[in-house]
Undergrad: 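Would you mind keeping the following structure in view while I ask a few things?
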Number of protein chains: 2
Amino acid sequence: MKKNRRTCDVPDATIHRLPLYLEKLKLLQAIGVEDVSSRQLAESLDIKASQLRHDFHYFGGFSRPGRPYQVNKLVPALEQIIGISEPQPTAIVGAGHLGQALANYQNLEMHGFPVQGIFDVNPKLIGLEIRGQPVLDMDEIETVIGREGIRIAILTVPATAAQAVTDRLVAAGVVGIFNFAPTDLKVPEGVIVRNERLAVGIMSLSFKVNCAVKAARKKASKPDGE
Amino acid sequence: MKKNRRTCDVPDATIHRLPLYLEKLKLLQAIGVEDVSSRQLAESLDIKASQLRHDFHYFGGFSRPGRPYQVNKLVPALEQIIGISEPQPTAIVGAGHLGQALANYQNLEMHGFPVQGIFDVNPKLIGLEIRGQPVLDMDEIETVIGREGIRIAILTVPATAAQAVTDRLVAAGVVGIFNFAPTDLKVPEGVIVRNERLAVGIMSLSFKVNCAVKAARKKASKPDGE
DNA sequence: TCGCTTCTGTCAAGTTTTTCACAGCCTACC
DNA sequence: GGTAGGCTGTGAAAAACTTGACAGAAGCGA
């Protein structure tokens with residue numbers, strides 16, 4: 001019980017690295033690597049080995065002193081921690097361009113998130129087949145969420161519709177929302193929202209590009225440093 | 001000169017908040033709000049006012065003690081800092097589903113990143129019109145990057161092609177790459193890569209959902225706490 | 001068996017980021 | 001004019017995160 005509680009008391013920074021670890025490990029697994037040391041794994045991710053071990057330490061560690069990590073044990077352990085030991089059925093709400101793109105993105109299923117329903121209100125889109133699945137009418141969403149036990153939904157509707165859709169999703173039992181709409185969502189406690197703001201991403205990039213360009217210019221005009 | 005250098009010596013965490021500030025401010029501007037205090041702005045973003053002021057402090061501050069921020073001055077100031085005072089022409093490389101979705105995403109242009117070229121190697125896609133622009137052959141990419149002065153590219157090609165395309169982009173003068181391919185890119189110093197890993201995002205979400213569900217179950221079985 | 005190397009788990013030190021606290025400025029109202 | 005209330009800029013305190021250091025376990029070869 002104590003250990004279980006700890007499992008959730010983990011810094012955000014660590015949480016965001018877990019998927020990266022898992023991804024690399026799956027790659028190693030695919031090419032038949034059996035053992036991997038913290039140093040090897042960390043180097044391939046461009047982080048320090050001590051950080052990786054520290055991250056793993058939150059979960060009690062995955063090996064013993066003297067023994068490297070065993071890829072075949074680490075992969076399922078991480079999958080369990082992330083919550084994808086069992087595939088997590090996922091709904092995509094909003095079958096516009098972005099929704100379609102994500103529905104087509106086979107990596108989602110590969111990573112444990114099979115798309116079990118694509119929904120839209122637009123009659124022109126309903127019935128359209130994407131990777132073998134028809135776009136369904138929003139009216140069916142409660143039924144499908146209940147039937148498939150969907151807990152995670154990907155939101156790709158216009159900002160104006162996002163809150164209303166969110167309310168329906170939450171009422172139907174969805175606990176996690178991956179929000180691509182450029183708006184903030186209000187949800188009751190216990191429901192998790194992750195905002196994926198493309199515009200924010202590209203602006204952060206732009207800031208750094210701006211800095212890099214300035215730095216390069218300065219360097220060019222004063223090649224020997226200040 | 002001193003001030004300029006400082007402009008780039010800013011924590012990542014702050015950089016990622018700048019676009020959020022700008023977004024909110026534009027919203028306020030659109031509805032005619034003239035003044036805004038750090039507390040008001042911070043509250044709407046669910047952060048502390050002191051953090052916002054601290055962030056602004058990296059750039060010397062945007063007001064004087066006693067006076068709230070003026071929306072109409074803050075917006076262009078942030079745009080300048082982010083590097084979008086002038087629209088930043090942008091290329092999308094890879095016209096698959098995701099590339100098309102992003103090309104259709106009008107918010108990109110609205111935020112200062114007009115798409116000036118969409119490229120692919122697939123003859124079936126070349127010529128396809130997206131928002132009035134034809135998909136171009138990859139062979140033209142160097143020409144277009146040079147002609148339009150493109151510094152930022154969005155990469156939506158398969159992982160296997162990502163590195164080769166990156167090398168071409170960098171050679172042609174691109175300085176910032178917004179990478180949607182699930183692979184790490186090697187670039188020379190001075191070139192900025194921002195990885196947007198959808199799978200990582202949804203796994204982080206899944207971890208938290210998992211925790212929330214566990215917590216809810218525990219609470220249900222022991223309503224009065226431990 | 002012994003010594004050597006490699007490895008993890010663990011904790012302390014170091015660094016970065018966030019939050020607090022407050023001096024001083026500005027407006028508005030009495 | 002004076003005073004109260006609200007505001008920013010600023011630096012110091014607190015919290016969070018990363019890195020370094022090391023004890024002890026395991027494997028390997030002689």
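Residue numbers begin at 1 in each chain, while the letters A, B, ... track the order of the sequences.
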Undergrad: Tell me which donor-acceptor pairs under 3.5 Å the side chains of residues 67-86 of chain B have, and how far apart each pair is, sequence neighbours excluded?
TA:
{"from": "Asn72(B)", "atom 1": "OD1", "to": "Gln29(B)", "atom 2": "NE2", "distance (Å)": "3.0"}
{"from": "Ser85(B)", "atom 1": "OG", "to": "Gln80(B)", "atom 2": "N", "distance (Å)": "3.4"}

Undergrad: Report yes if some heavy atom in the side chain of Phe113(A) is under 4.5 Å from a heavy atom in the side chain of Asn107(A); otherwise report no.
TA: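 Of all side-chain heavy-atom pairs linking Asn107(A) with Phe113(A), none is under 4.5 Å.
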Undergrad: Anything under 4.0 Å to a heavy atom of chain B counts; send over the first and last such nucleotide of DNA chain D, read 5' to 3'.
TA: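 Range of nucleotides touched by chain B: dG6(D) to dA12(D).
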Undergrad: Quick one: Arg53(A) CZ to dT6(C) P, roughly how many Å, whole number?
TA: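 Value for this atom pair: 14 Å.
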Undergrad: Could you check Ser38(B) against His54(B) and say which one's nearest nucleotide on DNA chain D is further toward the 5' end?
TA: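 It is Ser38(B) whose nearest nucleotide is closer to the 5' end.
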Undergrad: Just do the salt bridge (Lys or Arg N to Asp or Glu O under 4.0 Å) check on Asp12(B) and Arg17(B) with the steps written out, would you?
TA: CA-CA 9 Å; Asp12(B) 255 30; Arg17(B) 279 189 295 267; over 6 Å; no
Undergrad: Would you mind listing every side chain to side chain donor-acceptor pair (under 3.5 Å) that reaches into residues 39-50 of chain B, with sequence neighbours excluded?
TA: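 Pairs touching residues 39-50 of chain B that pass the test: Ser37(B)-Gln40(B).
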Undergrad: Is the closest side-chain heavy-atom distance between Leu205(A) and Gln88(B) below 4.5 Å?
TA: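 Not touching, per the 4.5 Å side-chain cut-off.
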Undergrad: Between Leu198(B) and Phe180(A), is any pair of side-chain heavy atoms under 4.5 Å apart?
TA: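 Heavy-atom side-chain distance check passes, below 4.5 Å.
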Undergrad: For Leu27(A), what residues pass the side-chain contact (heavy atoms from CB on, under 4.5 Å) criterion, not counting sequence neighbours?
TA: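 None.
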Undergrad: Residues from residues 39-52 of chain B sitting under 4.0 Å of DNA chain C, heavy atoms only?
TA: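 The answer is Lys48(B), Ser50(B), Gln51(B).
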Undergrad: Any pair with a residue in residues 178-204 of chain A that passes side chain to side chain donor-acceptor pair (under 3.5 Å), sequence neighbours left out, goes on the list, sorted by first then second residue, please.
TA: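 Of all non-adjacent pairs touching residues 178-204 of chain A, those that pass side chain to side chain donor-acceptor pair (under 3.5 Å) are Asn179(A)-Asn195(A), Asp184(A)-Arg197(A), Asp184(A)-Lys24(B), Arg194(A)-Glu196(A), Arg197(A)-Glu23(B), Ser204(A)-His16(B).
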Undergrad: Counting only heavy atoms and a strict 4.0 angstrom limit, can you tell me which residues of residues 61-70 of chain B come near DNA chain D?
TA: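 Only Gly61(B), Phe62(B), Ser63(B), Arg64(B), Pro65(B), Gly66(B), Arg67(B), Pro68(B), Tyr69(B) qualify.
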Undergrad: Mind checking whether Thr90(B) and Ile154(B) have side chains closer than 4.5 Å, heavy atoms only?
TA: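 The answer is yes; the side chains approach within 4.5 Å.
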Undergrad: Considering only heavy atoms from C-beta outward, does the side chain of Ile152(A) approach that of Val175(A) to under 4.5 Å?
TA: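 With C-beta onward as the side chain, the pair stays apart.
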Undergrad: For nucleotides 1-4 of chain C, tabulate all protein N/O to nucleotide N/O atom pairs closer than 3.5 Å, reporting atom names and distance.
TA:
none

Undergrad: Counting only N and O atoms by type, is there a donor-acceptor contact under 3.5 Å from the side chain of Asn104(A) to the main-chain atoms of Gln100(A)?
TA: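 Yes.
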Undergrad: Tell me which residues in residues 72-81 of chain A lie within less than 4.0 Å of DNA chain C, going by non-hydrogen atoms.
TA: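 None, since no heavy atom is under 4.0 Å.
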Undergrad: Can you list everything that forms a side-chain contact (heavy atoms from CB on, under 4.5 Å) with His54(B)? Sequence neighbours excluded, please.
TA: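 Applying side-chain contact (heavy atoms from CB on, under 4.5 Å) to His54(B) gives Tyr58(B).
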Undergrad: Within the structure provided, determine whether Phe207(A) and Pro19(B) are in side-chain contact (heavy-atom separation under 4.5 Å).
TA: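 No, their side chains stay 4.5 Å or more apart.
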Undergrad: Roughly how bent is the helix from dT1(C)-dA30(D) to dC30(C)-dG1(D) end to end, in steps of 10 degrees, with each end axis from five pairs?
TA: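 Angle reported: 0°, given to the nearest ten degrees.
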Undergrad: Quick one: pull up CD1 in Ile177(A) and CD1 in Ile192(A) and give me the separation to the nearest 0.5 Å.
TA: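 Here the interatomic distance stands at 10.0 Å.
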Undergrad: Filter on side chain to side chain donor-acceptor pair (under 3.5 Å), then keep only pairs touching residues 156-170 of chain B, sequence neighbours left out; what's left?
TA: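 Residue pairs passing side chain to side chain donor-acceptor pair (under 3.5 Å), neighbours aside: Glu142(B)-Arg168(B), Gln163(B)-Asp167(B).
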Undergrad: Main chain of Arg53(A), side chain of His57(A): is a donor-acceptor contact present, judged purely on distance under 3.5 Å?
TA: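 No; zero donor-acceptor contacts below 3.5 Å.
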Undergrad: Are any non-hydrogen side-chain atoms of Pro182(A) and Tyr105(B) less than 4.5 angstrom apart?
TA: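 Yes; the side chains approach each other to less than 4.5 Å.
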Undergrad: Just how far is it from atom OH of Tyr21(B) to atom CG of Leu45(B), taken to the nearest 0.5 Å?
TA: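 With rounding to 0.5 Å, OH (Tyr21(B)) is 7.0 Å from CG (Leu45(B)).
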Undergrad: Could you tell me the separation between the CZ atom of Phe56(A) and the P atom of dG9(C), rounded to a whole number of Å?
TA: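 Checked: the CZ to P distance equals 9 Å.
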